[in-house]
> 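Please find one structure pasted underneath; my questions will follow.
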Amino acid sequence: GFSRPKHKRTFTGFGPSEIKNVEASIPEPLREAWRKYSAREFTTKEEFEAAYSGTALAFRDRLIIEWNRTQQRQTFTDQKRVYYLSLEFLMGRALDNAMLNVGMKDAAREGLKDLGFRIEDVISQEHDAALGNGGLGRLAACFLDSLATLNYPAWGYGLRYRYGIFKQEIVNGYQMEVPDYWLDNNPWEFPRHEITVDIQFYGHVKKHQDENGKLVHSWEGGDVVQAVAYDVPIPGYGTKTTNNLRLWSSKASSGEFDFQKFNAGDYESAVADQQNAETISAVLYPNDNLERGKELRLKQQYFWCAASLFDIVRRFKKTKRAWSEFPDQVAIQLNDTHPTLAIVELQRILIDIEGLEWDEAWNIVTKTFGYTNHTVLPEALEKWSVPLVQNLLPRHLQIIYDINLFFLQSVEKQFPNDREILARVSIIEESHPKMVRMAYLAIIGSHKVNGVAELHSDLLKTTLFKDFVDIYGPDRFTNVTNGVTPRRWLHQANPALSSLIAQKLGGHEFLTDLTLLDKLEVFVDDKEFRRQWAEIKSHNKLRLAKLIKETTGYTVNPESLFDVQVKRIHEYKRQQLNIFGVIHRYLKIKGMSAEERKKVVPRVSIFGGKAAPGYWMAKTIIHLINNVASVVNNDSDVGDLLKVIFIEDYNVSKAEIICPASDISEHISTAGTEGSGTSNMKFVMNGGLIIGTCDGANIEITREIGDQNIFLFGNLAEDVEDLRHRHFYGDFQLDPGLAKVFKAIKDNMFGDAADFSALTASIEEHGDYYLVSDDFHSYVTTHEMVDEAFVNKEEWLAKSITSVARMGFFSTDRVINEYADSIWNVEPLAVKD
Ligand code: Z16
């Protein structure tokens with residue numbers, strides 16, 4: 001526990017004169033709420049840390065009990081389990097989630113209040129668990145929440161990185177990366193020092209005959225590194241199920257870092273061995289949608305796959321069942337190709353260690369695995385060089401070659417007159433050096449392959465994996481459109497909206513059956529309901545305005561239209577299109593008379609997101625956004641008509657504040673490039689409208705909410721190839737509006753033009769691969785429609801309410817049930833209350 005704080009003082013994020021300034025810009029009806037936010041009661045840092053620890057430990061104790069019971073129940077009933085293998089779990093904070101899922105947040109709030117703390121201040125003490133890059137990692141976290149909530153017997157398996165995704169600092173407009181050391185005093189993980197697995201690397205393969213004269217392979221020599229399990233409890237919402245997330249940490253195996261080397265006087269090499277081993281789980285690779293083929297990354301992948309498989313097999317063997325029953329007990333889902341080596345590792349365990357015949361083993365393997373693809377971008381598809389795999393995992397390379405041989409033999413039989421198909425579908429690409437195509441290996445080793453939104457899954461079938469559809473038939477390929485957990489992204493992030501909805505629907509059941517939201521639609525014309533809806537949005541915008549003030553120093557008017565684009569910075573996601581659009585707007589305002597300016601709809605353009613440290617163009621885009629911000633925000637001609645904000649270090653916790661505060665958000669990837677997108681769903685679920693391209697899950701969102709409730713623009717996926725082709729052959733005209741923007745940049749209006757020449761050149765001179773110019777006009781005119789629509793407050797509110805009412809489809813509960821039915825063939829465990 002913790003004791004009552006003795007020294008209280010008033011703390012505000014900024015000085016009194018600044019508060020006056022902010023207050024002046026806030027319309028009268030909202031000032032009271034603003035004051036409440038500004039004058040926070042504050043105590044010392046140590047006291048907050050103590051309050052956090054005390055609360056976290058109290059909830060942790062409750063979770064441990066349910067967690068143990070759940071594991072016992074799952075062992076006892078002995079049903080099929082799901083294992084979700086993901087290199088990323090972007091969990092964010094755990095305490096608020098635990099309080100809400102256990103259903104005791106109100107009690108905690110009261111208790112903390114008695115001690116002099118505001119619960120929000122205590123919750124925000126926690127460091128985000130940021131073991132992921134973006135969408136893929138956050139999807140895994142939402143899946144864990146739904147698996148537990150729906151009572152599925154399921155485990156997550158991942159790596160316990162010492163450093164999660166870096167912390168982003170903006171210095172003079174540039175992104176700087178600071179290491180994110182997050183493990184100190186983390187109450188949510190439990191070291192399991194007794195659960196270890198020795199993992200082998202390098203070495204060589206020996207062939208010999210066993211006592212029956214059968215040829216067997218053994219992998220010998222090389223290095224050994226030890227995997228140690230750390231467990232994280234995953235509570236379901238309103239259920240007794242608390243599942244397990246097992247994260248592996250690497251250390252020198254006990255045989256290696258012992259006293260022998262010390263005694264032999266070889267201190268330095270003993271320390272080096274230990275450091276080498278610990279390097280494996282030291283750091284998350286900070287790339288989203290990019291694979292760079294580094295050996296350490298391959299080591300991470302094998303280390304994690306081998307430890308997880310050993311653990312899963314060990315658990316299965318305790319049941320004493322026949323190997324043929326393995327797929328009835330175990331479903332393993334591969335989150336992208338990162339865990340594809342698990343396929344090879346299971347085959348190796350079955351044939352080399354357990355002595356099964358190849359075909360029998362392979363049959364078990366393919367029935368066990370499912371593979372989810374998240375992207376069609378070529379630079380994101382994993383390929384490992386054959387010499388690298390040969391050196392690190394010699395036996396696995398042999399098995400990969402055998403898998404390929406048998407596969408190609410069957411393809412040859414099926415298509416006897418087609419020589420080319422063999423080269424196209426071979427797991428081994430005949431390049432220099434040869435490469436292992438991990439996606440092909442994952443398809444061949446799984447019984448189902450799925451994309452993450454309809455358009456994406458269709459593109460997989462018609463382009464990337466077309467040959468495999470011809471070979472296996474269409475049934476191996478399926479779609480499971482992504483979702484988000486409404487517990488975190490509605491209830492936790494937007495408590496006021498959740499409680500208004502609960503008031504109208506007579507309870508919080510919609511949180512576990514999101515389709516119930518459709519009952520909101522009858523209130524769409526209810527004046528009082530609309531007023532409450534609008535008030536909640538204003539409140540959430542104030543909360544964001546405060547975050548913006550505290551983190552950037554800029555004051556924004558919460559009555560402006562808040563236009564948000566927060567996601568990883570990537571050319572295909574087109575933040576450059578957005579900032580060029582902002583510059584276009586700025587130039588237009590500058591050219592207006594005072595009279596004309598009165599008609600402008602005030603807007604705040606809010607950006608956030610990290611660039612991969614080696615992604616130079618993405619960093620250039622961040623730099624441009626920040627430079628535009630400092631010009632526009634300090635231009636007294638413009639005032640509140642336009643503000644540009646870059647929110648530093650966008651992460652899960654900040655997303656929880658940002659998503660409920662948007663009027664409109666941007667999901668504007670070049671058509672055909674975004675697998676699904678999931679923030680689009682979070683924003684609409686919180687009553688924000690969206691502007692977007694016909695890409696990813698925007699298409700299903702449009703189908704669900706109706707095309708009158710979304711602002712779509714731009715070229716379609718089916719036209720992209722042709723446009724790129726035409727650009728390549730010189731058929732390219734820079735859009736006239738965009739030309740004005742480029743001229744301003746080149747006139748050094750936003751700092752040294754040279755800093756941005758690569759960015760403008762990628763469009764003007766190098767083929768505009770992402771079709772920024774092609775879509776620019778339609779983007780700008782669609783934003784004009786957004787302005788017009790925003791002025792009509794009642795219409796806007798109707799769109800907002802109707803959209804939320806129709807978002808039931810996008811819960812990860814629906815997603816998990818689809819995986820369970822069509823891929824895993826698992827049932828929830830009956831839990832009696
Ligand atoms: C990632 O976050 C995604 C795809 C990928 O190949 C690698 C990473 Cl790290 C994203 C997709 O870009 C996004 O469209 C999708 O919504 C998300 O994965 C979850 O499926």
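By convention here, the first residue in the shown sequence is residue 1. In each ligand, atom 1 is the first atom listed, and ligand 1 is the first ligand listed. As a basis for the values below, the full set of heavy atoms in this structure was taken, side chains included, without hydrogen atoms, waters or symmetry mates.
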> Using only heavy-atom distances, determine whether the side chains of His456 and Asn373 contain a donor-acceptor pair under 3.5 Å.
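Yes - a donor-acceptor pair under 3.5 Å links their side chains.
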> Under 3.5 Å, is there a donor-acceptor pair between the Glu382 and His338 side chains?
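There is no such pair (donor and acceptor under 3.5 Å, judged by atom type) between the side chains of Glu382 and His338.
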> Write out all pairs satisfying salt bridge (charged side-chain N to carboxylate O under 4.0 Å, His left out) with one or both partners inside residues 688-704, taking only residues at least two apart or from two chains.
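Qualifying pairs: Glu454-Arg703.
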> Taking atom types as modelled, find out whether Asp775 and Tyr770 have a side-chain donor-acceptor pair closer than 3.5 angstrom.
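Distance-only check fails for Asp775 and Tyr770.
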> Compile the protein residues with any heavy atom at a distance under 4.0 Å from an atom of ligand 1; present them by chain, then by number.
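Under the 4.0 Å cut-off, ligand 1 touches Gly135, Leu136, Leu139, Asp288, Asn289, Asp336, His374, Thr375, Val452, Asn482, Tyr572, Glu674, Gly675, Ser676, Gly677.
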> Any chance the side chains of Tyr237 and Asp145 put a donor and an acceptor closer than 3.5 Å?
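Looking only at side-chain atoms, Asp145 and Tyr237 do not form any donor-acceptor pair under 3.5 Å.
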> Salt bridge or not for Glu674 and Lys573, using N-O below 4.0 Å?
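Judged by the 4.0 Å cut-off on N to carboxylate O distance, Glu674 and Lys573 do form a salt bridge.
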